[in-house]
*Asks:* 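Here it is, the structure, as structure tokens.
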Amino acid sequence: MCGIVGYIGYEQAAPFLLKGLEKLEYRGYDSSGICLNDGSELVVKKAKGKLEELKKLTDNGRALSGTVGIGHTRWATHGEPSDVNAHPHLSESGRFAVVHNGIIENYLQLKEYLISKGVTFRSMTDTEVIAQLIEFYYKGDLIDTVIKVLSRLDGSYALGVISVDDPDRIIAVRKESPLIIGIGQGENYIASDVPAILAKTKRIYRLENNEIAILRRDSIKIINTDREEVKKQEETISWTIDAAEKGGYEHFMFKEIMEQPKVIHDTISPRIRNGRVVLDEISLTPEQLRSFRKINILACGSAYHVGVVAKYIFEKLLRIPVEADLASEFRYRDPIVDDKTLTIVISQSGETADTKEAMKEAQRRGSHVISIVNVVGSAIATESDDVIYTWAGPEIAVATTKAYSAQLAVIYLMAIFFGDLLGTIDEKQYGYYVSELLTIPDKISQILENSTQVQYLASKLFNSKDIFFIGRNIDYALSLEGSLKLKEISYIHSEAYAAGELKHGTISLIENGTLVIALATHEPLIAKTVSNIREVQTRGANVLCLACDDHKELADVAQSTVFIPKICDMMLPSLAVVPLQLFAYYVASAKGCDIDKPRNLAKSVTVE
Ligand code: AGP
């Protein structure tokens with residue numbers, strides 16, 4: 001996600017801003033920029049690509065005077081990566097500059113309003129709306145203006161604001177997206193995260209939602225949107241720089257597991273308006289959507305596992321044939337595809353070669369392609385016919401977690417949207433699914449708050465040699481992901497198996513002490529899965545069962561059972577995957593593996 005830095009003091013600001021942005025590079029970005037108040041005007045320098053480009057443009061900051069400034073590394077959500085879309089964004093007159101981390105969900109309506117009032121925009125971003133609104137409402141008091149602008153914004157934001165009319169202050173605001181205030185001697189700082197300012201100070205304030213910080217060189221005042229002063233507890237950072245980049249977590253993977261509630265909220269909430277699913281990204285007319293006779297889902301790895309979950313969901317809800325296919329297989333099997341086939345392509349990076357080539361093969365055969373991608377402006381995103389972005393922010397750990405979960409959330413949105421369009425779900429079901437979807441972030445938070453049991457089980461089981469994940473229906477689809485997560489970071493061999501298939505061969509591998517992780521969340525088939533549990537137990541297996549907390553009787557079946565909160569059947573994978581991610585993480589941690597960078601693996605496989 002984006003990174004913010006700000007400085008107000010008596011030294012040249014630009015070199016510090018660039019050093020601070022360097023410390024935020026781990027957050028992932030595609031462009032960067034800084035803005036300095038040189039006493040007479042706001043000077044902005046921005047560059048697409050790596051920070052090196054901005055350093056070259058500014059002679060490492062030495063070319064820019066001014067002792068007040070803000071800087072930004074951008075992770076694109078609205079508007080392709082480019083110089084013009086990079087932050088900071090200026091108002092039309094150039095008197096106000098803004099940097100922003102988050103998503104302004106109603107930016108289009110606000111932009112249309114301002115354009116109707118004669119305001120000219122330069123960029124495609126949601127952020128520019130904030131700078132333009134400040135200028136539009138400014139009557140001489142910057143704080144009042146910022147408060148008024150905040151009342152117009154829907155969404156999440158961490159903001160840094162400077163003005164040529166108010167040269168001795170930086171205004172910082174937080175809502176959902178983190179922002180900290182660094183406390184210096186004769187200088188003060190703002191930053192998205194601790195690493196950016198750790199070289200200057202270990203003393204910080206952490207802004208809470210709807211708090212506004214007013215920074216001068218020798219004072220920091222924090223108020224709420226009623227302009228009431230807020231007393232803050234000063235915090236002293238004890239972390240090292242490396243630990244700070246992971247938000248205090250030991251690994252990016254764990255940090256990203258913990259980010260899942262927010263990531264799912266960020267991905268679904270802009271697409272649910274007044275209780276209706278809105279997918280403006282899909283260019284197809286209802287008639288075109290109704291004309292499809294089949295859906296193909298193409299992807300690799302964990303993204304493919306999302307496709308398998310989607311197969312069960314779409315076929316159940318939409319009653320049309322769905323095939324989830326490994327991209328690397330699809331493209332070489334002379335697939336049966338035509339213009340009556342809808343192709344959905346799923347990819348976190350948007351650069352996976354097998355997936356990209358499979359997409360092109362489908363397009364060559366006349367299929368319309370909708371992609372679900374996390375990296376804005378990536379190859380698959382730009383070459384597909386429609387793209388629905390997951391707003392998971394950059395995923396640093398090689399083993400995907402939050403992107404997988406965000407992809408599932410988009411699948412649910414599509415299922416509800418298409419089901420309504422095809423008339424295969426009624427209004428009551430529609431409302432039920434939307435309400436269930438909105439409970440996912442909190443239910444995942446509940447699971448994350450109660451992860452000690454999974455940690456304990458991992459500490460007992462991390463020496464297992466072969467592990468089997470079994471399940472039926474949607475539990476089987478999820479078992480694929482549980483097995484891969486474990487394999488790729490702990491290097492323990494494991495297999496995912498349809499529970500009903502075990503007796504057709506693989507059960508011969510079950511012996512005394514073999515660990516079998518049985519997923520039994522899919523209500524209609526619990527009894528059958530229990531039979532499969534018994535089958536493997538009679539052959540000596542040690543069974544860890546994953547079930548919903550309305551089936552406590554399963555604790556008497558398996559040797560150990562982890563319960564998750566109940567949710568509608570099609571959304572169970574979003575909850576059940578979390579204990580499996582945690583189990584893989586804790587097992588790999590107990591084995592001392594390199595969790596964020598597992599051997600032999602790359603984050604994006606751009607070769608065949
Ligand atoms: C998942 O943990 C793996 N890192 C890998 O299977 C990954 O899902 C696969 O390579 C697909 O990558 P993509 O989503 O970027 O296309």
Side-chain angles (χ1 to χ4, degrees), residues 28 251-257 259-260 263 267 297-310 324-331 343-360 362 369-384 387-411 469 477-492 494 496 573 577-578 580-585 587-588 593-608:
H251 299 102
F252 280 114
M253 182 178 175
F254 196 85
K255 180 167 177 273
E256 288 155 7
I257 287 172
E259 286 174 346
Q260 290 181 117
V263 155
T267 298
I297 304 173
L298 310 176
C300 301
S302 294
Y304 163 70
H305 298 155
V306 170
V308 181
V309 172
D325 214 335
L326 289 168
S328 55
E329 285 297 305
F330 173 83
R331 50 189 295 219
T343 299
I344 297 173
V345 163
I346 306 173
S347 176
Q348 188 284 131
S349 63
E351 300 295 347
T352 300
D354 286 325
T355 307
K356 189 167 59 175
E357 294 308 318
M359 172 182 71
K360 290 178 185 171
V369 176
I370 299 174
S371 65
I372 301 174
V373 179
N374 196 41
V375 179
V376 174
S378 56
I380 291 171
T382 45
E383 291 167 33
S384 56
V387 54
I388 300 177
Y389 284 118
T390 49
W391 285 325
E395 195 173 58
I396 311 295
V398 166
T400 184
T401 49
K402 64 176 183 175
Y404 173 91
S405 292
Q407 290 160 1
L408 279 179
V410 171
I411 292 295
F469 289 76
L478 180 62
S479 70
L480 296 167
E481 179 59 11
S483 173
L484 175 62
K485 273 293 90 45
L486 182 78
K487 276 185 281 198
E488 65 178 329
I489 63 172
S490 74
Y491 314 144
I492 294 175
S494 98
V577 75
V578 177
L580 299 181
Q581 293 167 344
L582 291 168
F583 182 76
Y585 174 81
V587 165
C593 296
D594 182 355
I595 289 173
D596 285 336
K597 299 187 188 69
R599 67 187 182 200
N600 311 335
L601 290 177
K603 183 59 186 169
S604 173
V605 184
T606 55
V607 294
E608 293 190 32

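Remember, it's 1-based here, ligands and their atoms both numbered in the order they're listed.
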*Asks:* With a 3.5 Å cut-off and no angle check, do the side chains of T390 and T267 form a donor-acceptor pair?
*Replies:* no
*Asks:* Quick check for you: to the nearest 0.5 Å, what is the distance between I388 atom CD1 and I346 atom CD1?
*Replies:* 10.5 Å
*Asks:* Nearest 0.5 angstrom please: F469 CZ to L580 CG, how far?
*Replies:* 6.0 Å
*Asks:* Taking S302 as the fixed residue, which of E481, E488, Q348, Q407 is the one that meets the side-chain hydrogen bond (donor to acceptor under 3.5 Å, both in side chains) rule?
*Replies:*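 Answer to the side-chain hydrogen bond (donor to acceptor under 3.5 Å, both in side chains) test with S302 among E481, E488, Q348, Q407: E481.
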*Asks:* Near ligand 1, which residues have a heavy atom under 4.0 Å away from one of its atoms?
*Replies:*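 Lining ligand 1: C300, G301, S302, A303, S347, Q348, S349, T352, V398, A399, T400, L484, K485, E488.
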*Asks:* Angle between ring planes, Y585 versus F254, binned at 30° and 60°: parallel, tilted or perpendicular?
*Replies:* tilted
*Asks:* Ring pair (Phe, Tyr, Trp, His ring centres under 6.0 Å) with Y389: which residues, sequence neighbours excluded?
*Replies:*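 Result, ring pair (Phe, Tyr, Trp, His ring centres under 6.0 Å) vs Y389: none returned.
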